[in-house]
Q: 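Pasting in a structure now, in structure tokens, and then I'll have a few things to ask.
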Amino acid sequence: MPIVPDVSAHGGDQDDDRGAARLSGPLFRDETPQSPPYGAVQQNPEPMPDAPQPAPPPQKKSAGRDLGAAIGVGVGLGVVIVASLFFVKAAFVGVIAVAVVVGLWELTSRLQERKGIKAPLVPLALGGAAMVVSGYVRGAEGAWVAMALTALAVLVWRMTEPPEGYLRDVTAGVFAAFYVPFLATFVAMMLTAEDGAGRVLTFLVLTVVSDTGAYAVGWRFGKHKLAPRISPGKTREGLLGAVTFAMVAGALLMEFVIDDGTWWQGLLLGLAVAGSATLGDLGESMIKRDLGIKDMGTLLPGHGGIMDRLDSLLPTAPVVWLLLVVFVGSG
């Protein structure tokens with residue numbers, strides 16, 4: 001903010017003038033000062049009281065996004081996901097692979113634009129899609145093998161360019177391979193169970209409900225910041241809303257959607273999802289703050305980019321996959 005000079009520290013002459021003006025006034029209470037001659041300028045006139053200023057209108061809370069566009073895009077994505085999930089499982093695997101490739105493109109583009117980091121997109125995109133398919137076909141073993149081969153491809157691909165920045169670029173590439181496609185592979189692995197569609201639906205609904213609860217409660221009641229240095233908009237009240245909404249939804253989903261699931265398992269699952277979704281959101285906020293950007297992209301009106309929608313989903317996928325395996329088996 002601009003620095004305003006302190007007149008009291010450097011304005012001694014002005015203070016003396018004000019004192020002289022006070023001494024030159026009438027000596028007695030009943031003495032009336034003489035009016036100045038016509039046309040003369042009166043020195044040191046009495047200050048007029050300030051006119052009352054109208055009170056500023058109250059500020060309304062803003063959601064910060066185009067809610068109409070956000071809802072429309074969200075509904076459209078939901079229709080595509082549900083249609084592919086319950087009618088053709090292979091098509092849903094394709095949806096995951098496409099989301100992974102677009103997410104990698106957004107992430108690597110922002111890294112290059114803001115930090116000059118050249119994580120090789122071609123091996124990442126090919127390896128990421130292969131990782132998702134391998135997880136669906138071969139399970140965890142296939143996902144790990146594809147992850148290792150993708151990391152190796154990143155190391156070799158970057159050798160075609162000058163060595164300056166090699167370690168920085170390949171480190172970013174391996175991080176991107178783990179952060180986006182490898183974590184997304186757990187969604188494909190959920191799908192392989194007999195009730196795979198229900199498991200994926202539970203994962204998606206719980207994450208969305210957690211985010212919605214955090215947004216709604218935080219926007220209405222949020223006063224205490226959760227992590228102001230990372231994400232100033234998040235509040236402790238919002239986190240409590242996320243936990244409450246997710247636990248209620250988890251109890252209902254485990255009881256009525258997951259085979260052999262029980263309501264108390266849903267409470268634990270909802271609690272875990274609220275925690276992982278919040279950490280995932282904060283994690284991407286850290287990345288975006290480091291890059292100096294608000295959104296990873298502009299592909300989804302009202303939402304930002306694909307990565308801005310995957311931020312809480314990606315770290316939640318392995319959590320839900322593991323807990324479902326513990327609670328009801330791999331199916």
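Quick note: numbers below take in every heavy atom, side chains included, and nothing from hydrogens, waters or symmetry partners.
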Q: Between the side chain of D211 and the main-chain N/O of V208, is any donor-acceptor distance below 3.5 Å?
A: no
Q: For A197 versus L85, what's the shortest heavy-atom pair and its separation?
A: O-CD2, 3.7 Å
Q: Assess whether side chain to side chain contact (heavy atoms under 4.5 Å, CB included) is satisfied between M247 and V243, documenting all intermediate values.
A: CA-CA 6 Å; M247 290 182 72; V243 170; 3.6 Å; yes
Q: Okay, side chain of R110, backbone of D295: is any donor-acceptor separation there less than 3.5 Å?
A: no
Q: Which atoms form the tightest heavy-atom contact between K89 and E194, and what is the distance?
A: NZ-O, 4.4 Å
Q: Using the side chain to side chain contact (heavy atoms under 4.5 Å, CB included) rule, take L271 and L267 through it: C-alpha gap first, then chi angles, then the decisive distance, then the call.
A: CA-CA 6 Å; L271 177 62; L267 293 177; over 6 Å; no
Q: If you round to the nearest 0.5 Å, how far is CZ of F245 from OG1 of T212?
A: 8.0 Å
Q: In the single-linkage hydrophobic clustering (I, L, V, M, F, W, Y; side-chain heavy atoms under 4.5 Å), do V88 and F86 co-cluster?
A: no
Q: Should L206 and L268 be counted in the same cluster of Ile, Leu, Val, Met, Phe, Trp and Tyr side chains packed under 4.5 Å apart?
A: yes
Q: Check whether R158 reaches the backbone of V170 with its side chain - one donor and one acceptor, N or O, closer than 3.5 Å.
A: no
Q: Residues two or more places apart in sequence or in another chain: which of them pass side chain to side chain contact (heavy atoms under 4.5 Å, CB included) with D195?
A: A193, R199, I258, D259
Q: Within the structure provided, determine whether L111 and L291 are in side-chain contact (heavy-atom separation under 4.5 Å).
A: yes
Q: Side-chain atoms of residues 174-184: list all donor-acceptor pairs with protein atoms under 3.5 Å, sequence neighbours left out, distances to 0.1 Å.
A:
none

Q: Just to verify, what does K115 make a salt bridge (Lys or Arg N to Asp or Glu O under 4.0 Å) with, not counting sequence neighbours?
A: D290
Q: Could you give the distance from CD1 (I96) to OG1 (T185), rounded to the nearest 0.5 Å?
A: 8.5 Å
Q: Are L152 and M159 grouped together when hydrophobic residues (ILVMFWY) are joined by side-chain heavy atoms under 4.5 angstrom apart?
A: no
Q: Would you say the side-chain atoms of S312 and D281 include a donor-acceptor pair closer than 3.5 Å?
A: no
Q: Which atom names give the shortest non-hydrogen contact between M307 and L314, and what distance separates them?
A: CE-CD1, 4.3 Å
Q: Could you report the tightest heavy-atom contact between E255 and W263, atom names first, then the distance?
A: OE1-N, 3.0 Å
Q: Kindly compute the distance separating CE (M147) from OG (S134), expressed to the nearest 0.5 Å.
A: 13.0 Å
Q: Apply side chain to side chain contact (heavy atoms under 4.5 Å, CB included) to residues T202 and L269 and explain how you reach the verdict.
A: CA-CA 10 Å; T202 297; L269 182 63; 4.1 Å; yes
Q: Can you tell me if E113 has over 12 outside heavy atoms packed within less than 6.0 Å of its CD?
A: yes
Q: For Q112 and A119, indicate whether the former's side chain and the latter's backbone hold a donor-acceptor pair under 3.5 Å.
A: no
Q: Is there a side-chain contact between K234 and L282, using heavy atoms and a 4.5 Å cut-off?
A: yes
Q: Examine distances only and state if a side-chain atom of D169 and a backbone atom of K118 form a donor-acceptor pair shorter than 3.5 Å.
A: yes
Q: What about V248 and W264, same hydrophobic cluster or not, with Ile/Leu/Val/Met/Phe/Trp/Tyr joined at side-chain heavy-atom distances under 4.5 Å?
A: no
Q: Begin with the C-alpha distance, continue with both residues' side-chain angles, and end with the deciding distance and a verdict on side chain to side chain contact (heavy atoms under 4.5 Å, CB included) for I306 and M296.
A: CA-CA 8 Å; I306 289 289; M296 281 289 187; over 6 Å; no
Q: So which heavy atom on V209 is nearest to which on A249, and how close?
A: CG1-CB, 4.0 Å
Q: Identify the two heavy atoms, one from A246 and one from S210, that lie closest to each other, and give their separation to 0.1 Å.
A: CB-CB, 4.2 Å
Q: Kindly say whether T235 contributes a backbone atom to a donor-acceptor pair with the side chain of K225 at under 3.5 angstrom?
A: no
Q: Using modelled atom types and a 3.5 Å cut-off, is there a donor and acceptor pairing between side-chain atoms of Y136 and backbone atoms of M131?
A: no
Q: Just by modelled atom types, is the G218 backbone N or O under 3.5 Å from a matching donor or acceptor in the E237 side chain?
A: no
Q: Shared ILVMFWY cluster between V133 and V145, side chains joined below 4.5 angstrom?
A: no
Q: Excluding sequence neighbours, so at least two apart, what forms side chain to side chain donor-acceptor pair (under 3.5 Å) with W144?
A: none
Q: Return the CG to CE distance between D260 and M254, rounded to the nearest 0.5 Å.
A: 9.0 Å
Q: Between the main-chain N or O of L226 and the side-chain N or O of R236, is there a donor-acceptor pair closer than 3.5 Å?
A: no
Q: How far does CD of E284 sit from CG of L310, to the nearest 0.5 angstrom?
A: 8.0 Å
Q: Counting only N and O atoms by type, is there a donor-acceptor contact under 3.5 Å from the side chain of R138 to the main-chain atoms of A143?
A: no
Q: Give me the other members of the hydrophobic cluster that W157 sits in, counting Ile, Leu, Val, Met, Phe, Trp and Tyr linked by side-chain heavy atoms under 4.5 Å, directly or via other members.
A: V122, L126
Q: Donor-acceptor pairs under 3.5 Å, side chain of residues 321-331 to any protein atom, not counting sequence neighbours: which ones?
A:
none

